[in-house]
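Beneath this line is the structure, given in structure tokens, with notes to follow.
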There are 2 protein chains.
Amino acid sequence: MNENARIPRNAKAKRTEIRRENERVILEAAEKVFAEAGFGGATMQLIADMAGLPKANLHYYFATKEDLYRQVVRNIFEIWLHAADTFDTAADPAEGIGAYIDAKLEISRRHPFGSKVWASEVMHGAPVIQDYLETTLRDWTEGRMAAIQRWVDEGKMAPVNPRHLLYMIWATTQHYADFGHQIETLNAGKPLSERQWREVKDSVKAIILRGIGATG
Amino acid sequence: MNENARIPRNAKAKRTEIRRENERVILEAAEKVFAEAGFGGATMQLIADMAGLPKANLHYYFATKEDLYRQVVRNIFEIWLHAADTFDTAADPAEGIGAYIDAKLEISRRHPFGSKVWASEVMHGAPVIQDYLETTLRDWTEGRMAAIQRWVDEGKMAPVNPRHLLYMIWATTQHYADFGHQIETLNAGKPLSERQWREVKDSVKAIILRGIGATG
DNA sequence: CTGTAACCTGACCATACGGTCAGAAAATGA
DNA sequence: TCATTTTCTGACCGTATGGTCAGGTTACAG
């Protein structure tokens, strides 16, 4: 999504190109290192090595370790939020919630590092995204809870507590990223195959959709 | 349990008393600090302050930060394992799995720090308890999966994938500890009340038990 | 009381870390 | 070409951290 013509239109485009590419590389490396070592365990040197850049260069683009971390967490949060666009357009809980579970599991599969960074951030008391939790996430959650409640009122699903249903979906889907190492260990040390991921999606949806009486 | 027999028999009681009490205090402080700051973010000084002891005293009981951390993680693992004793004795899934969910939610409530340390350890690749995962946890898991499969075969519940059912239970119950801060934020910044915890248990059990066709 | 083992701790050390900076190099524009 | 802006980086610095240790204190057996 960031590909454009190799020929810069003007000077400005070229400059931002270098900057954007380097920031991308750094953020990608940082996401991985923060996920694997935690904020405290991560070092700028490690991130620099993984990005293939001198440490001082990182500080050229990101003033402090906190700044870099903050940016990583923000990026993840954005991905998270967009996962539930399917939620609203769906008319039926089986479809809406089913698609949401699929989307979230797909994120766990594609962005396991991001998921871990997010989990770590929240576990440590959300020092850098507390305001997001209190505003964006809270609003988002209330919106979805209302949507679920509407389905309940319309008799399209059993009268479950919408909040705890959401938590269960979050917990279960993110578990496959956050506890991926444990899951891999219990899978003979091998990552889940394409086929096994499909089995995950089917199992999770089967239990939850039946559990809320939305067998569609 | 690794000490030689040079300890005077009569003096033993008193001396081990001091040792045991101090180790307890240190481990308790360590669990909290490791949970809140992660292994890398935790400092021996912080743990010492929280325990009300000089830092050097910590090193008298635990040679290194890693040793202390290892002990904390091991303790948590023990608690975890004993949570499912109810599992085996139960005759039907509604009772067995229901009790297991209750037990695990109760652990999340009583030992949120331990849960976070465990989650953090696994998220970072289980550097110190990998052997436990490969032996004890794997055996344990296979035993429970077999028990669930037996229920399925006996027609006492729907034919769900036992592994993913277990993962869902783990994920959901531990979520209330690991993401407790987020849950609290979404609860107007207040911890869950006694009443709300009951609501959690009821909701989780309702969805999962209906989801696996074990309405007992 | 005395001797000894266990317990305690202030002061210290080596290292690793986040961050800085001066100045080189490269890109761009005129 | 030259001037200007942006990018890059080796060398360096102050601090915090894990860990050590010598020597003190306490508990208690004899």
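The structure presented is a predicted model; accordingly, all values stated were derived computationally and were not measured.
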To the side chain of A:Glu66, which of C:dG19, D:dT17, D:dC21 is closest? C:dG19

Can you tell me if A:Tyr132 and A:Arg74 form a side-chain donor-acceptor pair at under 3.5 Å? yes

Report the C-alpha distance between A:Arg195 and A:Glu199 in whole Å, list the side-chain angles of each, state the deciding distance to 0.1 Å, and finish with yes or no for salt bridge (charged side-chain N to carboxylate O under 4.0 Å, His left out). CA-CA 6 Å; A:Arg195 176 207 187 84; A:Glu199 174 74 11; over 6 Å; no

Flag for B:Asp67-B:Gln71: side-chain donor and acceptor within less than 3.5 Å: no

Counting the benzene-type ring for Trp, do A:Trp80 and A:Phe77 have ring centres under 6.0 Å apart? no

Options D:dT20, C:dG19, D:dT7, nucleotide nearest the side-chain atoms of B:His59: D:dT20

Take A:Glu121 and A:Lys116 through the salt bridge (charged side-chain N to carboxylate O under 4.0 Å, His left out) test and state the conclusion after the steps. CA-CA 8 Å; A:Glu121 163 70 7; A:Lys116 286 175 186 176; over 6 Å; no

A:Leu68 atom CG is separated from C:dG18 atom C1', nearest whole Å, by 12 Å

State whether the distance check finds a donor on one side and an acceptor on the other, under 3.5 Å, for side chain A:Lys55 versus base C:dG18. yes

Structure string for DNA chain D in dot-bracket form, Watson-Crick and G-U at under 3.5 Å, | interchain: ||||||||||||||||||||||||||||||

Nearest of D:dG18, D:dT9, C:dG10 to any side-chain atom of B:Thr43? D:dG18

Base, sugar-phosphate, or nothing for B:Tyr61, non-hydrogen atoms under 4.0 angstrom? sugar-phosphate

Nearest-Å distance for atom pair CD1/P, residues A:Ile47 and C:dC17: 12 Å

CG of A:Asn57 versus C1' of C:dC21: gap in Å, rounded? 14 Å

Should the ring pair A:Tyr167 and B:Tyr176 be called parallel, tilted or perpendicular, given that the plane angle runs from 0 to 90° and is split at 30 and 60? perpendicular

Write down the distance between CG (B:Leu58) and P (D:dT20), rounded to a whole number of angstrom. 13 Å

What is the distance from CZ of B:Arg19 to P of C:dA6, rounded to the nearest Å? 9 Å

d(CE, A:Met44; P, C:dC17) in whole Å: 12 Å

Send over the distance from A:Tyr60 OH to C:dG23 P, rounded to a whole Å. 18 Å

Is a donor from one side chain sitting under 3.5 angstrom from an acceptor on the other, for B:Glu31 and B:His111? no

Looking for any heavy atom pair under 4.0 Å, which part of the strands does B:Ala42 touch: base, sugar-phosphate only, or nothing? sugar-phosphate

Given C:dT9, D:dA27, C:dG18, identify the nucleotide with an atom nearest to the side chain of B:Ile18. D:dA27

Taking NZ from B:Lys65 and C1' from D:dT20, how many angstroms apart are they, rounded to a whole number? 17 Å

Between A:Asn22 and D:dC8, is there a contact of a side-chain N or O with OP1 or OP2 at under 4.0 Å? yes

